[in-house]
Amino acid sequence: NAGVTQTPKFQVLKTGQSMTLQCAQDMNHEYMSWYRQDPGMGLRLIHYSVGAGITDQGEVPNGYNVSRSTTEDFPLRLLSAAPSQTSVYFCASSRQGKTSPLHFGNGTRLTVT
Amino acid sequence: EDKVVQSPLSLVVHEGDTVTLNCSYEVTNFRSLLWYKQEKKAPTFLFMLTSSGIEKKSGRLSSILDKKELFSILNITATQTGDSAIYLCAVGYQTGANNLFFGTGTRLTVIP
């Protein structure tokens with residue numbers, strides 16, 4: 001059972017480039033989300049989804065797009081990378097319902113130069 | 001404005017010590033409070049608390065929630081070097097989605 005799998009583990013981009021961070025889970029979880037973690041700040045919610053075909057914005061959505069065409073996959077797209085998007089990105093999933101904790105992937109460390 | 005505040009920011013103890021980590025919150029539509037342990041990679045789940053006064057326990061770790069005073073504590077007894085990590089407190093705040101609002105964490109270092 002792989003859990004939540006994120007690729008790539010590391011990425012370096014130049015300002016203005018675009019890329020997609022991949023996230024897949026094999027636990028049949030309805031809920032999936034993306035967080036970014038920056039030094040001195042808590043994890044902040046970027047986008048989330050409560051099921052296939054449904055997405056919504058979190059606390060810091062600007063500069064990112066998401067889609068949810070299947071239950072398993074929830075990719076995060078950076079449209080035009082900026083240095084302010086240098087961060088560690090975590091994907092998380094859970095069953096729906098307030099008693100279900102989030103399961104996190106191992107993260108993607110992104111540097112934008 | 002929603003906020004989750006953890007204290008202390010960092011803590012250094014010797015093996016065998018007992019530590020108490022604090023988490024206070026001001027969040028509209030509170031649903032649950034969770035504790036995670038983060039070593040080098042993904043945060044790993046420790047506890048979820050939804051009711052006041054009921055202690056959750058797992059080995060040397062325990063946690064309790066006070067919904068009247070809006071805080072939670074995480075206790076670790078007989079600390080070991082493997083307990084060295086960042087401990088994250090998070091609050092679930094949204095009906096219909098498991099979104100979490102995180103504190104900045106407490107960095108615990110256990111010295112042999």
Side-chain angles (χ1 to χ4, degrees), chain A residues 2-10 23-25 27 29-51 54-61 66 68 74 87-109, chain B residues 1-10 21 23-51 54 56 58 63 65 67 72 85-107:
Chain A
V4 180
T5 302
Q6 290 184 236
T7 56
K9 294 180 182 175
F10 302 95
C23 176
Q25 53 91 8
M27 298 173 281
H29 286 167
E30 302 93 339
Y31 174 88
M32 296 186 74
S33 54
W34 279 100
Y35 288 82
R36 60 178 289 174
Q37 186 174 37
D38 301 294
M41 306 186 77
L43 281 84
R44 292 181 293 167
L45 181 65
I46 305 172
H47 285 284
Y48 67 96
S49 168
V50 297
I54 305 169
T55 63
D56 207 343
Q57 296 181 349
E59 184 185 357
V60 288
V66 291
R68 185 95 180 269
F74 191 44
S87 188
V88 180
Y89 292 84
F90 287 100
C91 179
S93 73
S94 74
R95 290 184 291 117
Q96 273 292 74
K98 71 174 184 177
T99 58
S100 298
L102 293 188
H103 299 263
F104 285 86
N106 282 332
T108 295
R109 184 175 293 276
Chain B
E1 180 181 326
D2 293 343
K3 59 181 177 181
V4 174
V5 179
Q6 293 186 244
S7 64
L9 291 180
S10 66
L21 309 183
C23 177
S24 64
Y25 63 90
E26 291 179 31
V27 174
T28 54
N29 195 28
F30 173 91
R31 300 181 77 205
S32 56
L33 186 142
L34 295 88
W35 286 96
Y36 284 85
K37 178 182 182 181
Q38 185 176 25
E39 296 174 87
K40 297 196 174 176
K41 294 184 178 179
T44 54
F45 172 71
L46 295 174
F47 297 111
M48 175 183 279
L49 304 150
T50 57
S51 300
I54 299 174
K56 293 273 183 99
S58 175
S63 183
L65 173 67
K67 289 169 73 174
S72 173
I86 297 174
Y87 290 84
L88 300 170
C89 174
V91 174
Y93 61 90
Q94 186 164 338
T95 303
N98 286 344
N99 298 342
L100 296 180
F101 195 88
F102 280 84
T104 56
T106 293
R107 181 181 294 275

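Only this structure's heavy atoms are used, side chains among them; waters, hydrogens and symmetry mates stay out. A note on names: the letters A, B, ... follow the listed sequences, proteins ahead of strands, and every chain is numbered from 1.
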* Structure fact -> Okay, Leu102(A) and chain B: the region with an atom under 4.5 Å from a heavy atom over there is both
* Evaluate the side chain to side chain contact (heavy atoms under 4.5 Å, CB included) criterion for residues Trp35(B) and Ser72(B): first the C-alpha distance (whole Å), next the side-chain angles of each, then the deciding distance (0.1 Å), finally the verdict. => CA-CA 9 Å; Trp35(B) 286 96; Ser72(B) 173; 3.0 Å; yes
* Can you spot which of Tyr25(B), Phe101(B), Tyr93(B) makes a ring-ring contact (aromatic ring centres under 6.0 Å, His included) with Phe30(B)? => Tyr25(B)
* To do: Below 4.5 Å from any heavy atom of chain A, which atoms of Gln38(B) appear? Answer side chain, backbone, both or neither.
  => side chain
* Any donor-acceptor N/O pair, Tyr35(A) side chain to Phe104(A) backbone, under 3.5 Å -> no
* May I have the step-by-step check of side chain to side chain contact (heavy atoms under 4.5 Å, CB included) for Arg44(A) and Asp38(A), ending in yes or no? => CA-CA 9 Å; Arg44(A) 292 181 293 167; Asp38(A) 301 294; 2.9 Å; yes
* Proximal component of Glu30(A), with respect to chain B [non-hydrogen, under 4.5 Å] -> neither
* **Engaged part of Gln94(B) at the chain A interface, taking heavy atoms whose separation is under 4.5 Å** => side chain
* Heavy-atom distance under 4.5 Å to chain B: side chain of Arg95(A), backbone, both or neither? -> backbone
* **Residue part contacting chain A, namely of Phe47(B), when any heavy atom lies under 4.5 Å** => neither
* What part of Gln37(A) is in contact with chain B, defined as an atom under 4.5 angstrom from a non-hydrogen atom: side chain, backbone, both or neither? -> side chain
* Go through the atoms of Leu88(B) and report whether side chain, backbone, both or neither lie under 4.5 Å from a heavy atom of chain A. => side chain
* To do: Return yes if some donor-acceptor pair links the side-chain N/O of Thr104(B) with the main-chain N/O of Gly40(A) below 3.5 Å, else return no.
  => no
* Asked: Without hydrogens or angle criteria, can the side chains of Asn98(B) and Tyr48(A) be said to hold a donor-acceptor pair below 3.5 Å?
  -> no
* **Check: Lys3(B) side chain, Ser24(B) main-chain N or O, donor-acceptor pair, under 3.5 Å** => no
* Under 4.5 Å, counting heavy-atom pairs only, tell me which of Val4(A), Val50(A), Val88(A), Leu43(A) racks up the most with chain B. => Leu43(A)
